[in-house]
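Chain A is the first sequence line, chain B the second, and so forth, proteins listed ahead of strands; every chain is numbered from 1. Just so we're clear, the structure is a prediction, and the values are computed from it rather than from any experiment.
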Protein chains: 2
Amino acid sequence: MSPARSRTSDEGIIAAARGLLEEGGLEAVSMAAIAERVGIRPPSLYKHFADRSALLGAVVTEVAFDLGRALVSAVERSGTDGPGRLRALADAYRAFVLRSPRAAALLFAPAVPGVDPTPEANAAAARPVLEVAAALAGPERALAAARVLTAFAHGFTSMESAGAFRLGGDVDAAYQTGITVLLAGLERGAAD
Amino acid sequence: MSPARSRTSDEGIIAAARGLLEEGGLEAVSMAAIAERVGIRPPSLYKHFADRSALLGAVVTEVAFDLGRALVSAVERSGTDGPGRLRALADAYRAFVLRSPRAAALLFAPAVPGVDPTPEANAAAARPVLEVAAALAGPERALAAARVLTAFAHGFTSMESAGAFRLGGDVDAAYQTGITVLLAGLERGAAD
DNA sequence: ACCTGAACACCGTTCAAGT
DNA sequence: ACCTGAACACCGTTCAAGT
């Protein structure tokens, strides 16, 4: 009679995959596990996404949008001075990565080829960083400043969440040191 | 009669796996592909390594030792002043990552759980960074300085090799800017 | 329009059997 | 001591058939 009513949604599938990713890493995100979690059979997933790469791409796109929102809201909650905004941004980024380490790891280091956020999602995550960098370093040096800041924050947090800091010491203080140094160096005129 | 003579070696297997990794990424490093490249059948690999994780661990251990050697030799070739040594270190690190991006990606961001360099290999790669950081920032701030430098270099180069810098601009100059800023900020006394 | 079971080629891994 | 073919459970994916 009537065509089979949809038993799930793209959003539900993405949420299931994202949950599996955070709980068990990328290898736990199998089509079978996703299907079971949303209550359908694995072949049905292909009516929603072209293949596993496309599905993971949708996951990482959602993650990028979430990150963008978290960064914007952190900047809004902070004051209006450049350094304070940058610190809020850096702290919010680190908090996001430590809260969702495996999703964050997929953002910049594509473990699976072809798994990328959409350009829109990428732009949404990059925009607050570029704005704060522009306010801090001036518009013509904003891009380089944003890259330096993002590289440090991404590098530090990815190493931290991968357990690479094994020699003791105060990891939190090292992050703040890096932000302080970059802040001082990147402020308008400082690196000329 | 005589027991079957070994047709391959651990080193040959590691080299085959590393070649496959650099050519086709982690998913190209299948037990079948490794076995074919060294001229044996897949089950025979388990007489040399416990499983795929252990084999990949041996690969990443070799990569870490190679990185350590490349960094030490770059520092030795550079002059004796702290800033020059740090620049040599940073440039050598970036060159290494851009030359072997997929192997380098495995060093700090374990895409496959349980795939880690041995502590010795890790120490060999970290030592030159710690030494230069100590000369630059003083012994008691060496660890934090080394972490900040490594985080930046790793973050920048991993993003660069993943193609994350899509907005144009001078990527090389941004790296040098970051090193310059960190150098100035981390020199003894600068961040007190 | 969406879901299903059956099937395909592949994967890592185990194991008894060969030399 | 090392290598092998056969087998196992799993994986992503396709497809004809159901509703």
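Comparing atom distances between the His48(A) side chain and each of dC15(D), dC3(C), dT13(C) picks out dC3(C) as nearest. Distances from the side chain of Lys47(B) to the nucleotides dC3(C), dC3(D), dT13(D) place dC3(D) closest. For Thr8(B), the listed nucleotide lying nearest its side chain is dC3(D); candidates were dC3(C), dC3(D), dC11(C). Closest to the side chain of Met31(B), out of dG5(D), dG12(C), dC3(C), is dG12(C). Considering only side-chain atoms of Ser30(B), the nucleotide from dC2(C), dG12(D), dG12(C) that sits closest is dG12(C). If you check dT14(D), dG12(C), dG12(D) against the side chain of Arg52(A), the one that comes closest is dG12(D).
The residues Asp81(B) and Arg87(B) are annotated as not salt-bridged, no charged nitrogen and carboxylate oxygen being separated by less than 4.0 angstrom.
A distance of 11.0 Å separates CG in Asp66(B) from OG1 in Thr61(B), rounded to the nearest 0.5 Å.
Nucleic acid contact class of Ser44(A) (heavy atoms, under 4.0 Å, all strands): base.
Whole-Å rounding puts the Leu20(B) CG to dC11(C) P distance at 11 Å. Rounded to whole Å, the distance from CD on Glu27(B) to P on dG12(D) is 12 Å. Rounded to whole Å, atom P of dT4(C) lies 13 Å from atom CD of Glu36(A). One atom, CZ of Phe49(A), and another, P of dC2(C), lie 12 Å apart when rounded to the nearest Å. In this structure, CD1 of Ile34(A) is placed 10 Å from P of dT13(D), rounded to the nearest angstrom. Rounded to an integer number of Å, the gap from CG of Leu45(A) to P of dG12(D) is 10 Å. To the nearest angstrom, P of dC11(C) lies 12 Å from OH of Tyr46(B). Between Arg41(A) atom CZ and dC15(D) atom P there is a gap of 21 Å when expressed in whole angstrom units.
When ring centroids are compared, Phe152(A) and Phe156(B) stay outside the 6.0 Å threshold.
Using the six-membered ring where Trp is involved, Tyr93(A) and Phe108(A) have ring planes that are tilted, between 30° and 60° apart.
Enclosure of atom CD in Glu23(A) by more than 12 non-hydrogen atoms of other residues, nucleotides or ligands within 6.0 angstrom is indicated.
The pairing partner recorded for dA1(C) is dT19(D), the criterion being a Watson-Crick or G-U wobble arrangement whose two distances lie under 3.5 angstrom. Nucleotide dG12(C) forms a pair with dC8(D), judged by Watson-Crick or G-U wobble geometry with both contacts under 3.5 Å.
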